[in-house]
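Just below is one structure, and these are the notes that go with it.
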Amino acid sequence: MNKEYSKLWLDYRPLDPRFTGRAAIRCPSRVDRQGAAVKELITALSAMLPAAELTFGADSAALIFECDIGDFLAEEEYMISADERGASVIGGSEKGLLYGVFDYLRMIRAAGSFVKMNKRCAPALPLRMLDHWDNADGTIERGYSGDSFFFENGRLIVDERTEHYARLLASAGINAAAVNNVNVRGDAVRLITEEYYPELAKLSAVFSRWGIALYISVDFSAPISVGGLRTADPLDVNTAYWWQQKARELFSAVPTLGGFLVKADSEGQQGPYAYGRDHADGANMLARAVKPYGGRIIWRAFVYNCAQDWRDERTDRACAGFKTFAPLDGHFDTNVILQVKNGPMDFQVREPVHPLFGEMKHTSVAAEFQLAQEYTGQQLHICCLLPMIRETLFFDTCSQPEHSRVLDRISGAAAVSNTGDSFCWTGSELAGANLYGFGRMCFEPQLTAEDILDEWITLSFGNDEQVRETLLYILLSSHKAYEDYTAPLGMGWLCKPNTHYGPDPLGYEFDRWGTYHRADRDAVGIDRCKTGYTSLYPSPLRELYSDIDTCPDELLLFFCRVPYTHILHSGKTVIQHIYDSHFDGYEQAVEFARLWEELEGRLDRRVYENGRKRLKEQLRSAREWRDIINAFFHRLSGIEDEKGRELY
Ligand code: GCU
């Protein structure tokens, strides 16, 4: 495991001009002086004011920083009032205080001086979670940033790097993290046994110091695989008793544990279906076991038939999650949170918003995003997901007259983490924007992607105007560029099977995964009125998506089957859009590489070289995407490019 790491956006630098007087931190005894909030303030001020005399207490000082806890605030809420002579930060609890301190530090670092500000803020989403897909052997499923820093050869590691990670997450507003893969395999099955309790307790304590609840992904069939029972039937008393005992043991060894994350009846993971039970039976049985300890069950809605016959045109994978969970609305215990992927398929570059967000009215739901760029360039391509995440959060589900945006309907958001043991944590420095931005967006969704990126760029790379402008431009254009040179018009699944990197337009066409575009010589796309999918949305979304004339261009081939000559709202034919977007997307990538080269000497050498190397690969791969997808549709349709470009 690589032990060297960058401090990322928590690398506090001296403020300019140098302050040489006395600075004091004051807090009443109800504030924990050894707690994370005060500690962070000391760490930051010592680095930002290296020539100052930093004291604790009531003596006179030129700069005064007061920390307090106020009962009138909610637990995670905070208030800041600040000016040139210091600040007062009040939190609803130690956790709220910590968020307030981080926010205050962010503001003064961005401004470069002690600024006047007044702010009262509480996070929009109560649960802001990261799901790590780390395996106990140290590998990471869909990990593109090196190996795990949580696990090595079956051991759970808690060290300085872990502590810094918890700080990074807390500073972005994350308050929960599951540390192991939802596909619970190998030694991870035994994470809920005694041998792991001491390390889990240590990890949980570090996390909880930074306001983060530790979650463990568990194998639904653990009563068999770990407990030696003959069944894991959720309605069997022995199964329920086994989990109750297990929860009692675990929560007494790891008192700050948050609960379990469960992938059941999905891609080979066992679930309640094995016993003829439904998902509420499965989730509630676990929820009751953890309830006495305040624990929660995060239950994934990623359930579909992954052994489909491609000839079967009636079974539609997009409908599966809805059909499984909509009938169970209102059947889940209150400490169950249903974790629903942002779209109905699987983290494609463009998908419609999952219809379950509008449908589930009596169930706690969390939206699941994937920061690990499995289908969006695997951190070799630049693809900033923040605009897409924000679009999803602000999407109007039309499920009720008011408060029907996804954001209003969910109680949390989770994201598959993009971290690993690489020096910069996320393989590519620019992918760090997704990690930071996801947390910030869940906390303060009224901030735009641009606001958050601006903040992240300054904290991570300083105040160089050219760096700021270039990175902003590249990051904000990157998702569209990736979409353009890969899978246009909501088509999805044009990638290579298994690895999900690079183009293979027929790779998923005759396979068992329910992922088809059904392109032939005349037409392309799926008629999702026929499969019943559009009817899963309420009016007027249902009508919008059903009608070829109103369906938004970017989702047209997801919802409709159309001839290549169909004219889009943009005025182009479908085939011309495919050709043009692939040429344009590639040109954008060329532009990103050119702009990056102009930053030589303005960025840290290591950052610059890493970015250059990755952009070289992005260009190679984007060219491959452009030419293979264009050649595929050219050969199939026989239609020439209006602009006469080489299509192969
Ligand atoms: C995708 C991904 C898998 C993952 C799964 C999930 O299908 O390719 O690696 O296990 O999502 O979300 O559970």
Side-chain angles (χ1 to χ4, degrees), residues 129-137 139-145 147-148 177-186 188-189 215-221 260-271 273 279 282-283 297-308 316-318 320-322 324-325 337-351 354 356 365-379 383 385 389 392 413-420 438 486-487 492-502 504 507-508 511-516:
M129 178 163 184
L130 279 185
D131 294 347
H132 293 88
W133 285 2
D134 295 30
N135 299 314
D137 64 3
T139 58
I140 303 179
E141 178 154 331
R142 311 300 177 187
Y144 313 104
S145 306
D147 289 329
S148 172
V179 283
N180 64 304
N181 190 358
V182 287
N183 294 313
V184 188
R185 303 190 193 103
V189 174
Y215 281 77
I216 305 174
S217 298
V218 296
D219 169 18
F220 187 78
S221 62
F260 301 146
L261 170 63
V262 192
K263 172 175 178 176
D265 288 319
S266 175
E267 301 182 331
Q269 294 290 299
Q270 205 199 77
Y273 283 167
H279 279 252
I297 300 300
I298 317 268
W299 190 268
R300 298 181 84 225
F302 187 55
V303 177
Y304 70 100
N305 173 11
C306 66
Q308 196 179 320
D316 182 2
R317 169 168 167 179
F322 188 99
T324 304
F325 289 96
I337 297 180
L338 189 65
Q339 186 172 285
V340 179
K341 288 192 180 184
N342 63 287
M345 297 297 275
D346 190 10
F347 304 135
Q348 299 301 290
V349 66
R350 173 76 59 180
E351 288 188 38
H354 205 303
L356 272 177
V365 172
E368 181 179 355
F369 299 95
Q370 192 188 42
L371 305 181
Q373 295 169 235
E374 176 178 357
Y375 295 96
T376 49
Q378 309 196 347
Q379 281 130 255
C383 190
L385 300 166
I389 295 175
T392 307
V416 180
S417 185
N418 57 356
T419 51
F438 167 71
T486 59
W493 303 105
L494 296 174
C495 59
K496 292 204 172 102
N498 309 319
T499 63
H500 301 164
Y501 189 77
D504 184 352
Y508 272 107
D511 214 331
R512 63 186 174 98
W513 301 95
T515 45
Y516 317 112

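Order of listing sets the numbers, starting from 1, for every ligand and every atom in it.
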Subset of ligand 1 atoms that lie under 4.0 Å from at least one heavy atom of [X]:
X: W133; result: 4 (C), 5 (C), 6 (C), 11 (O), 12 (O)
X: R142; result: 2 (C), 3 (C), 8 (O), 9 (O)
X: H500; result: 8 (O)

In Å, rounded to the nearest 0.5 Å, how long is the span from OG1 of T515 to CZ of R317? 6.5 Å
Answer with yes or no whether E368 contacts ligand 1, where contact means a heavy atom under 4.0 Å from a ligand atom.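 No, that is not the case, since the closest heavy atom of the residue is not under 4.0 Å from the ligand.
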With the threshold set at under 4.0 angstrom, would you say Q370 reaches ligand 1 through any of its heavy atoms?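 No, Q370 has no heavy atom closer than 4.0 Å to ligand 1.
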Top protein contact for [atom], by heavy-atom distance:
atom: atom 11 (O) of ligand 1; value: K341 NZ, 3.2 Å
atom: atom 5 (C) of ligand 1; value: E267 OE1, 3.3 Å
atom: atom 8 (O) of ligand 1; value: E374 OE2, 2.5 Å
atom: atom 13 (O) of ligand 1; value: K263 NZ, 2.6 Å
atom: atom 3 (C) of ligand 1; value: E141 OE2, 3.4 Å
atom: atom 1 (C) of ligand 1; value: D346 OD2, 2.9 Å

Is there a donor in the side chain of [X] and an acceptor in the side chain of [Y], or the other way round, less than 3.5 Å apart?
X: Q339; Y: E368; value: yes
X: Q370; Y: E374; value: yes
X: E141; Y: N135; value: no

Region of N183 engaging ligand 1 - heavy atom pairs below 4.0 Å: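 Within the 4.0 Å criterion, N183 contacts ligand 1 through side-chain atoms alone.
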When the ring planes of Y508 and H500 are compared, do they come out parallel, tilted or perpendicular, using 30° and 60° as the limits?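 If you compare the ring of Y508 with that of H500, the planes turn out tilted.
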Can the ring centroids of Y273 and H279 be said to lie less than 6.0 angstrom from one another? yes
Sub-6.0 Å ring centroid separation between Y375 and W493: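 That pair passes the under 6.0 Å test.
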Nearest heavy-atom pair of N181 and S217: which atoms, and what distance?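 Smallest interatomic distance, heavy atoms only, reads O-CB, 3.3 Å.
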